[in-house]
Novice: 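What follows is a structure written as structure tokens; I'll ask about it next.
Every chain is numbered from 1 and lettered A, B, ... according to where its sequence line falls, protein lines coming before strand lines.
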Amino acid sequence: MLITKAPKGTQDVLPQEIYKWHYVENIMRDTADKFNFKEIRVPTFEHTELFLRGVGDTTDIVNKEMYTFEDKGNRSITLKPEGTAGVARAFLQNNLNQEPLPIKMYYVNSPVFRYERPQKGRFREHHQFGIELFGAQSAYADAEVIMLAKTLLKQVGLTSVSLHLNSIGCPKCRPQYNQALKDYLRDNIDQMCGTCKERFETNPLRILDCKVDSCKEIVKDAPKTVDHLCEECDAHFNTLKGVLNELGEEFEIDPLIVRGLDYYTKTVFEFITDTIGAQGTVCGGGRYDNLIEEIGGKPLPAVGFGMGMERLLLTMEAAGVKIPKPEKIDVYFAQMDDKAKDLIAVKLAELRNAGFKAEMDIMDRSLKSQMKYANKIECRYVAIIGSDELQKGTIMLRSMESGEQKEIKNDELLEAVK
RNA sequence: GUGAUUGUAGCUUAGUAGGUUAAAGCGCCAGGUUGUGGCCCUGGAGACCGUGGGUUCGAGUCCCAUCUUUCACCCCA
């Protein structure tokens with residue numbers, strides 16, 4: 001039984017629905033291209049160490065959600081639980097910092113693995129589109145990345161996915177903020193949940209993200225990161241907000257988004273929808289100025305985001321976005337005489353070479369069945385060749401839309417189906 | 001990891017208070033006289049009733065376990 005069942009939390013994308021994926025993938029490529037980002041493809045798995053260092057070994061993702069195993073050479077390998085670390089690794093390994101900066105890259109349909117309990121909009125394997133921009137510290141880089149996401153959403157027909165923005169500061173201002181937060185929480189920490197008690201020591205920032213009601217209540221009036229930014233971070237954030245306003249983009253400052261990956265600094269943002277259930281973050285990203293250094297490179301600023309294909313598709317469906325169906329088949333060849341098959345094969349090749357989408361019967365069905373089949377797979381024309389036509393050197397060409405049918409010469413086919 | 005939920009033909013479902021050969025619609029395949037689709041008609045294939053135990057003379061229908069589905073928590077795309 002198990003061998004005919006996909007593992008929990010994974011999904012097949014079937015031939016009948018693949019056009020939906022192609023549709024958004026094409027828009028992603030086009031949009032990235034307009035912003036002059038270039039595609040990068042990196043491995044599906046990396047050395048576990050990369051994620052421990054890059055994503056952070058106190059994060060939930062690394063702690064309990066990674067698909068980690070030892071390969072036959074005793075290397076610890078992990079299926080990537082997010083897209084950025086692998087790209088950063090490739091950036092360093094291939095010395096892309098020696099190329100003219102900034103380096104602007106994207107990836108499409110990149111599989112991401114996390115051991116989670118599946119639910120609506122959440123899977124053990126999902127696919128991400130993502131953007132990484134290396135080398136620019138300007139807030140205009142943040143704006144560019146955010147605008148790319150925004151444009152993309154618009155291109156796929158989504159206008160009501162809201163942008164939530166925050167700044168969580170940098171290593172310079174973080175300690176002061178953590179101090180302020182701890183000072184505020186200290187009196188109430190007893191009433192908070194177990195994980196928050198731990199976070200209080202290891203990563204107080206993440207307490208802001210806690211969903212336990214009692215914790216949320218306490219956190220509600222906690223100091224905000226945006227009020228404790230150092231001069232540089234504050235200026236950066238103000239510039240970003242300024243550009244977005246200038247561009248007429250709506251956003252909401254959400255002091256509680258902190259993101260679950262340790263590499264983020266300064267800007268963090270999410271595009272959130274309330275139409276697809278509890279897992280409403282369609283796109284999440286931010287600035288990660290420490291990542292490159294963290295994994296062994298010279299310090300280099302960077303910004304990026306990841307966008308979930310499955311969630312995007314769900315959101316589009318919820319919004320009633322109409323995705324164009326694949327093009328019809330131009331010509332289907334029906335045969336009523338074995339001797340016609342070679343001729344059909346030749347005609348078929350001619351049509352295909354000329355750029356048409358064409359098929360022939362390879363099931364040896366009756367003419368009636370061939371017609372029924374042609375109808376089901378949606379053809380513009382059926383070209384019928386039986387012994388009569390074979391003799392006369394003609395083809396019976398039937399329009400499946402109008403039902404009209406005419407006999408044409410063999411060599412008139414290309415012209416007739418245009 | 002926690003809580004709840006689901007599991008009958010490819011799909012959507014029906015299966016009486018447990019009782020003989022498990023139904024239907026859609027889909028699929030084939031026919032409906034001489035070489036032809038979309039409607040209609042007829043026929044056919046297709047289900048070890050998720051799996052493994054148990055209760056019972058007898059279980060798709062009851063019990064247990066397990067896997068799976070779905071939703072939520074958590075986390076995140």
Side-chain angles (χ1 to χ4, degrees), chain A residues 1-2 4-11 14 16 55 59-66 80-84 107 109-130 149 161 193-196 206 209-213 215 257-261 268-273 276-285 304-315 332 334-337 340 361 363 365-390 396-405 407:
Chain A
M1 281 310 111
L2 230 54
T4 54
K5 198 159 235 165
K8 188 172 184 151
T10 66
Q11 291 185 309
L14 302 175
Q16 302 95 286
V55 179
T59 61
D60 281 6
I61 291 181
V62 168
N63 263 330
K64 42 195 195 195
E65 297 186 347
M66 294 209 300
K80 57 181 176 190
E82 57 88 53
T84 300
Y107 45 89
N109 211 18
S110 168
V112 172
F113 306 87
R114 304 218 264 254
Y115 192 85
E116 314 206 53
R117 284 285 287 276
Q119 73 185 74
K120 184 162 190 177
R122 194 175 74 180
F123 311 94
R124 289 189 174 176
E125 180 189 30
H126 75 278
H127 300 81
Q128 287 191 9
F129 167 79
V161 183
C193 73
T195 38
C196 278
R206 290 213 50 77
D209 209 23
C210 190
K211 302 297 191 299
V212 176
D213 280 340
C215 296
I257 64 172
V258 300
R259 319 254 342 121
L261 298 86
V268 290
F269 65 89
E270 294 185 7
F271 281 89
I272 303 175
T273 175
I276 58 169
Q279 307 299 322
T281 302
V282 173
C283 172
F305 68 74
M307 186 181 286
M309 283 292 280
E310 286 82 353
R311 283 186 192 174
L312 186 65
L313 257 359
L314 278 173
T315 311
Y332 177 83
Q335 128 291 135
M336 293 180 317
D337 188 328
D361 169 64
M363 294 292 286
R365 288 193 244 243
S366 69
L367 181 60
K368 181 180 178 134
S369 295
Q370 292 178 65
M371 294 302 294
K372 282 191 173 177
Y373 178 72
N375 185 246
K376 271 182 281 207
I377 62 176
E378 299 197 72
C379 302
R380 291 173 53 227
Y381 290 100
V382 173
I384 305 164
I385 305 183
S387 40
D388 292 359
E389 288 79 9
L390 211 48
M396 195 60 86
L397 189 65
R398 182 183 181 84
S399 162
M400 295 300 276
E401 276 130 32
S402 68
E404 283 167 24
Q405 181 168 307
E407 191 166 5

Novice: Just checking A/Glu401: base, sugar-phosphate only, or nothing, at a heavy-atom cut-off of under 4.0 Å?
Specialist: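 Touches a base.
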
Novice: Can you measure A/Lys372 atom NZ to B/A30 atom P for me and round it to whole angstrom units?
Specialist: 8 Å

Novice: Starting from C1' on B/G31, measure out to CG on A/Leu367 and report it in whole angstrom.
Specialist: 14 Å

Novice: Any heavy-atom pair between the side chains of A/Gln405 and A/Met396 that's under 4.5 Å?
Specialist: yes

Novice: Below 3.5 Å, does any donor atom in the side chain of A/Asn375 face an acceptor in the base of B/G37, or the other way round?
Specialist: yes

Novice: Between atom CD in A/Glu270 and atom P in B/C75, what is the gap in whole Å?
Specialist: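 Interatomic distance, CD of A/Glu270 to P of B/C75: 12 Å.
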
Novice: Reckon A/Gly306 touches a base, only the sugar-phosphate, or nothing at all at heavy-atom distances under 4.0 Å?
Specialist: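 Since only primed, P, OP1 and OP2 atoms lie under 4.0 Å of A/Gly306, the category is sugar-phosphate.
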
Novice: Apply side chain to side chain contact (heavy atoms under 4.5 Å, CB included) to A/Tyr373 and list each qualifying residue two or more places apart in sequence or on a separate chain.
Specialist: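 Expected list: A/Tyr332, A/Glu359, A/Arg365, A/Ile377.
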
Novice: Assign each of A/Arg124 and A/Tyr115 to its nearest nucleotide of RNA chain B by heavy atoms, then name whichever residue's nucleotide is nearer the 5' end.
Specialist: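 On the 5' side of the pair lies A/Tyr115.
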
Novice: Would you please say whether a donor-acceptor pair under 3.5 Å links the side chains of A/Thr281 and A/Glu270?
Specialist: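 Result is yes, a qualifying pair exists.
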
Novice: Rounded to whole Å, please give me the gap between CD1 in A/Ile377 and C1' in B/C29.
Specialist: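 After rounding, the reported distance stands at 16 Å.
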
Novice: Which value, in whole Å, describes the distance between the C1' atoms of nucleotides B/C49 and B/U68?
Specialist: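 Going atom to atom, C1' in each nucleotide, I get 15 Å.
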
Novice: With P as the reference atom in both, quote the distance from B/C63 to B/U2 in angstrom, rounded to an integer.
Specialist: 23 Å

Novice: Could you tell me how far B/C48 sits from B/G52 if I compare only their P atoms? Round to whole Å.
Specialist: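 These two P atoms come out 11 Å apart once rounded.
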
Novice: Counting C-beta onward and ignoring hydrogens, is there a side-chain heavy-atom pair between A/Tyr107 and A/Gln128 closer than 4.5 Å?
Specialist: yes

Novice: A side-chain contact here means heavy atoms from C-beta on lying under 4.5 Å apart; do A/Leu390 and A/Ile385 qualify?
Specialist: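 A/Leu390 vs A/Ile385: side chains touch.
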
Novice: Please report, rounded to the nearest Å, how far the P atom of B/C28 is from the OH atom of A/Tyr373.
Specialist: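 Rounded to the whole Å, the gap is 11 Å.
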
Novice: Which is true for A/Ser387 with a 4.0 Å heavy-atom rule: it touches a base, it touches only sugar-phosphate, or it touches nothing?
Specialist: nothing

Novice: Using the C1' atoms only, state how far B/G18 lies from B/U56, rounded to an integer number of Å.
Specialist: 9 Å

Novice: To the nearest angstrom, how far is A/Ile384 atom CD1 from B/U36 atom P?
Specialist: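 Atom-to-atom, A/Ile384 to B/U36, this comes out as 9 Å.
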
Novice: RNA chain B: A/Glu82 or A/Gly386, which has the more 5' nearest nucleotide?
Specialist: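 Nearest nucleotide further toward 5': that of A/Gly386.
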
Novice: Assess whether atom CD of A/Glu404 is packed by more than 12 heavy atoms of other residues, nucleotides or ligands within 6.0 Å.
Specialist: no

Novice: What is the distance from CE of A/Met66 to P of B/C76, rounded to the nearest Å?
Specialist: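 For the pair A/Met66 CE and B/C76 P, the rounded distance is 14 Å.
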
Novice: Under 3.5 Å, which N/O atoms of the protein pair with N/O atoms of nucleotides 69-72 of chain B?
Specialist:
| from | atom 1 | to | atom 2 | distance (Å) |
| --- | --- | --- | --- | --- |
| B/C71 | OP2 | A/Lys120 | N | 2.9 |
| B/A72 | OP1 | A/Ala278 | N | 2.9 |
| B/A72 | OP2 | A/Gln119 | NE2 | 2.9 |

Novice: Counting C-beta onward and ignoring hydrogens, is there a side-chain heavy-atom pair between A/Met371 and A/Ile384 closer than 4.5 Å?
Specialist: yes

Novice: Give the nucleotide from the list B/C29, B/C76, B/U36 with an atom nearest to the side chain of A/Arg114.
Specialist: B/C76

Novice: Heavy atoms under 4.0 Å, any strand shown: does A/Ser366 hit a base, just sugar-phosphate, or nothing?
Specialist: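 Sugar-phosphate contact only - A/Ser366 comes under 4.0 Å of backbone atoms but never of a base.
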
Novice: Could you check how far CG of A/Asp60 sits from P of B/C75, rounded to whole Å?
Specialist: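 After rounding, the gap between these two atoms is 6 Å.
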
Novice: With rounding to whole Å, what would you report as the distance between B/A17 and B/C73 at their C1' atoms?
Specialist: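 That atom pair is separated by 39 Å.
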
Novice: Should A/Glu310 and A/Arg122 count as side-chain neighbours, where that means a heavy-atom distance under 4.5 Å?
Specialist: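 Of all side-chain heavy-atom pairs linking A/Arg122 with A/Glu310, none is under 4.5 Å.
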
Novice: Less than 4.5 Å apart, side chain to side chain, heavy atoms only: is that true for A/Ser369 and A/Met363?
Specialist: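 Side chain of A/Ser369 against side chain of A/Met363, heavy atoms only: no contact under 4.5 Å found.
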
Novice: Rounding to an integer number of angstrom, what distance separates B/U69 and B/C64 when you compare their P atoms?
Specialist: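 Going atom to atom, P in each nucleotide, I get 22 Å.
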
Novice: Taking N and O atoms by type only, does the side chain of A/Lys368 place a donor or acceptor under 3.5 Å from a partner on the base of B/G32?
Specialist: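 Present.
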
Novice: Checking only heavy atoms, does the side chain of A/Gln405 share a donor-acceptor pair with the base of B/U36 at less than 3.5 Å?
Specialist: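 Yes, the side chain and the base share a sub-3.5 Å donor-acceptor pair.
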
Novice: Between B/A59 and B/G19, how far is it from one C1' atom to the other, in whole Å?
Specialist: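 Rounded to whole Å, the distance is 9 Å.
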
Novice: Kindly indicate whether the side chain of A/Cys283, heavy atoms from C-beta on, has any atom under 4.5 Å from the side chain of A/Phe269.
Specialist: yes

Novice: Taking the side chain as every heavy atom from C-beta outward, state whether A/Glu82 and A/Arg114 have any pair of such atoms under 4.5 Å apart.
Specialist: yes

Novice: Would you write the dot-bracket representation of RNA chain B, where each base gets (, ), [, ], | or . depending on whether it forms a Watson-Crick or G-U pair under 3.5 Å and with which partner?
Specialist: ((((..(..((((.....[...)))).(((((.......))))).....(((((..]....))))))..))))....

Novice: Using a 4.0 Å heavy-atom cut-off, does A/Glu378 contact any base of the nucleic acid, only the sugar-phosphate backbone, or nothing at all?
Specialist: nothing

Novice: B/G60 and B/A45: how far apart are their C1' atoms, nearest whole angstrom?
Specialist: 23 Å

Novice: Out of B/U36, B/G31, B/C29, which has the shortest distance to the side chain of A/Arg365?
Specialist: B/C29

Novice: Please classify the nucleic acid contact of A/Lys376 as base, sugar-phosphate, or nothing, using heavy-atom distances under 4.0 Å.
Specialist: sugar-phosphate

Novice: Run the side chain to side chain contact (heavy atoms under 4.5 Å, CB included) check on A/Arg380 and A/Glu401 step by step: do they pass?
Specialist: CA-CA 6 Å; A/Arg380 291 173 53 227; A/Glu401 276 130 32; 3.7 Å; yes

Novice: Phosphate oxygens OP1/OP2 of B/C75: is one of them under 4.0 Å from a side-chain N or O of A/Thr281?
Specialist: no

